[in-house]
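Start at 1 with the first residue, then count along the sequence. All heavy atoms count here, side chains included; hydrogens, waters and symmetry mates do not.
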Amino acid sequence: MAGRRIRPRACILDIEATALDADIGHLVGAGLMELDGEFKWFYVKRPVDEVKILKKVLKEVSTYNIHLEWKRIRYTIPHL
């Protein structure tokens with residue numbers, strides 16, 4: 001066990017919504033890519049499915065130690 005390195009899991013998260021303001025828009029989809037290129041897409045087909053898809057995205061994102069996002073504080077977090 002000595003010398004074994006534990007690598008944190010990292011991902012890039014991108015969300016798409018109908019508006020820049022989370023109070024008036026809804027989630028269209030979210031993409032999550034690992035640094036090795038593996039990609040997962042979460043698509044909201046109907047507005048009624050938004051909460052179910054958000055829960056799936058949050059569950060998946062919670063398995064990573066590091067998250068890279070564009071405009072995280074002002075855009076991503078309010079939508080999630």
Could you pull out all donor-acceptor pairs under 3.5 Å where a side-chain atom in residues 29-48 meets a protein atom, sequence neighbours excluded?
| residue | atom | partner | partner atom | Å |
| --- | --- | --- | --- | --- |
| E34 | OE2 | R9 | NH2 | 3.0 |
| E34 | OE2 | Y64 | OH | 2.8 |
| D36 | OD1 | E38 | N | 3.0 |
| K40 | NZ | E60 | OE2 | 2.8 |
| R46 | NE | D49 | OD2 | 3.3 |
| R46 | NH2 | D49 | OD1 | 3.1 |

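- Distance CD1/I15 to CG/L54: 8.0 Å, rounded to 0.5 Å.
- Distance NZ/K55 to NZ/K59: 11.5 Å, rounded to 0.5 Å.
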